[in-house]
Enquirer: 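Before I ask anything, let me first share the structure, which is written out below as structure tokens.
Note that the coordinates shown come from a computational prediction; the quantities given were computed from them, not determined experimentally.
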Amino acid sequence: MVKDRPTIADVAARAGVSKGSVSFALNGRPGLAQATVDRILAAADELGWRPSNRARSLSVSKAFALGLVITRDPAVLSSDPFFPAFIAGVESVLSRGGQALVLQVVSAGDDEAAGYRRLAQDGRVDGVFLSDLRHEDPRIGLLRELGLPAVTLNRPEGSSPFPAVCLDDRPGMVEVVEHLLALGHRRIAHVAGPPTFVHATARSDALVATLADAGLEPVGLEVSDFTAAGGIEATRRLLALPQRPTAIVYANDRMAIAGLGAAQRAGLTVPDDLSIAGFDDSELAEFVHPGLTTVRADPYAFGEAAANTLNQLIDGTGEVADVELPPARLVVRRSTARLEES
């Protein structure tokens with residue numbers, strides 16, 4: 001005989017609370033003491049309760065799912081320094097409320113716009129995360145047109161009807177440059193990310209402005225694409241300059257780690273001959289040789305905050321304010337060292 005699946009009433013009886021309290025706790029809504037929430041979640045776990053999203057969707061006209069459209073090559077997504085940790089943070093929130101994440105990996109342009117249209121028209125999600133903001137980003141207007149609730153990851157340049165979850169990259173980049181200047185470096189180069197991305201421009205602008213405050217400018221500035229292959233090619237061009245840089249700052253760790261390998265293959269010793277710094281503090285940064293000096297953001301916390309903010313917006317319980325996360329900060333390891341002039 002098949003055992004009946006446990007219900008909210010069963011969870012309420014086990015926890016000694018009302019069914020309404022169980023609903024509040026399981027959907028992550030405020031209003032209950034944390035001890036009560038913990039007791040309800042423990043009871044649900046003991047009974048093996050799982051939400052019936054189909055029943056919930058029919059009763060309240062919700063999909064109980066959030067959407068994320070990513071413009072990346074699927075083959076390299078697993079090694080992306082940001083999105084796996086960001087998605088883990090999102091899932092840590094959604095799993096508590098029985099929600100799902102609908103992920104679409106697409107190419108830029110028409111495929112991306114079509115992805116958002118499908119999510120809206122099929123009613124597959126209740127809202128979306130808007131990542132990789134671009135200059136004059138057309139997706140803001142598209143989502144407004146589609147009537148799809150959204151949270152932007154950082155603030156767009158123009159006006160936006162959507163709340164933003166913000167993590168300021170600039171202080172971390174300023175700290176990297178100041179660290180290298182303090183080590184005696186004056187020939188500092190930069191490998192930037194795609195200039196269409198607002199966050200890539202913010203990182204590059206912070207580096208250039210900090211050098212300018214010291215009366216300097218980059219000895220080389222290569223625009224790349226955040227990939228390992230792009231990092232290698234940009235590094236080779238910088239090392240071929242008549243006066244090569246003594247330090248290179250990369251816009252992400254993937255390019256920096258690839259650049260470190262390219263420098264070593266060119267016969268240079270890092271950091272004795274060349275200091276290298278990245279951005280992201282990805283998992284591998286600590287374990288390459290030498291350990292990578294980089295800038296630590298927290299994509300997991302970014303994902304948690306974005307999911308909570310988007311759920312607040314969808315619930316419509318009041319005005320949803322922007323969220324400011326702690327800014328990115330420098331992490332010093334052994335890939336940077338004091339410049340010893342010959």
Side-chain angles (χ1 to χ4, degrees), residues 5-8 10-11 19 22-30 32 37-38 40-72 74 77-78 80 82-106 111-132 139 142-143 146-153 162-165 298-317 320 323:
R5 62 184 292 167
T7 65
I8 283 182
D10 297 325
V11 176
K19 290 192 292 184
V22 172
S23 179
F24 266 59
L26 296 177
N27 287 290
R29 303 177 76 173
L32 297 177
V37 173
D38 293 342
I40 292 169
L41 295 179
D45 187 59
E46 291 166 6
L47 292 170
W49 180 87
R50 295 292 181 270
S52 169
N53 280 353
R54 181 174 181 274
R56 295 164 78 199
S57 299
L58 290 173
S59 65
V60 296
S61 300
K62 288 179 67 176
F64 292 95
L66 305 181
L68 176 63
V69 179
I70 300 176
T71 54
R72 291 288 190 281
L77 186 57
S78 63
D80 186 276
F82 176 80
F83 279 110
F86 174 82
I87 289 170
V90 170
E91 289 285 8
S92 74
V93 173
L94 302 193
S95 61
R96 295 196 296 268
Q99 295 171 283
L101 178 66
V102 178
L103 175 66
Q104 292 194 31
V105 182
V106 300
D111 285 349
E112 186 179 21
Y116 287 110
R117 291 187 184 280
R118 283 193 300 270
L119 291 177
Q121 292 166 358
D122 297 345
R124 295 172 61 192
V125 300
D126 301 311
V128 296
F129 304 102
L130 194 59
S131 64
D132 286 340
R139 297 172 301 168
L142 173 63
L143 294 178
L146 295 173
L148 197 56
V151 163
T152 63
L153 306 188
F162 307 120
V165 176
D298 191 346
Y300 185 92
F302 213 157
E304 282 186 311
N308 283 323
T309 304
L310 186 51
N311 274 335
Q312 290 174 29
L313 181 65
I314 292 165
D315 288 345
T317 54
V320 180
V323 176

Enquirer: Would N311 and Q99 count as having a side-chain donor-acceptor pair, cut-off 3.5 Å?
Expert: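 Present: a donor and an acceptor within the cut-off.
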
Enquirer: Any heavy-atom pair between the side chains of L119 and L146 that's under 4.5 Å?
Expert: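 L146 does not reach L119 side chain to side chain.
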
Enquirer: Just so I know, are the side chains of I314 and L66 near enough to count as touching, which here means a heavy-atom distance under 4.5 Å?
Expert: yes

Enquirer: Within a strict 4.5 Å, meaning less than it, do heavy atoms of the V128 and V69 side chains meet?
Expert: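 Of all side-chain heavy-atom pairs linking V69 with V128, none is under 4.5 Å.
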
Enquirer: Using 0.5 Å steps for rounding, measure from the CG atom of L143 to the CZ atom of R117.
Expert: 10.0 Å

Enquirer: From T152 OG1 over to D132 CG, what is the distance, rounded to the nearest 0.5 angstrom?
Expert: 12.5 Å

Enquirer: Would you call the rings of F83 and F86 parallel, tilted or perpendicular, taking 30° and 60° as the class edges?
Expert: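 Taking F86 first and then F83, their aromatic rings stand perpendicular (interplane angle over 60°).
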
Enquirer: Identify, with sequence neighbours excluded, every residue that meets salt bridge (Lys or Arg N to Asp or Glu O under 4.0 Å) alongside E91.
Expert: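 Applying salt bridge (Lys or Arg N to Asp or Glu O under 4.0 Å) to E91 gives none.
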
Enquirer: Checking side-chain contact (heavy atoms from CB on, under 4.5 Å) for the pair F129/L101: CA distance, chi angles, key distance, verdict?
Expert: CA-CA 10 Å; F129 304 102; L101 178 66; 4.1 Å; yes

Enquirer: Can you see which heavy atom on A307 is nearest to which on V93, and at what distance?
Expert: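 Residues A307 and V93, closest heavy atoms: CB-CB, 3.7 Å.
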
Enquirer: Taking side-chain contact (heavy atoms from CB on, under 4.5 Å) as the test, write out the residues that go with R118, two or more places apart.
Expert: Q104, A114, D122

Enquirer: I'd like to check L68 versus I87 (side-chain heavy atoms, cut-off strictly below 4.5 Å). Are they in contact?
Expert: yes

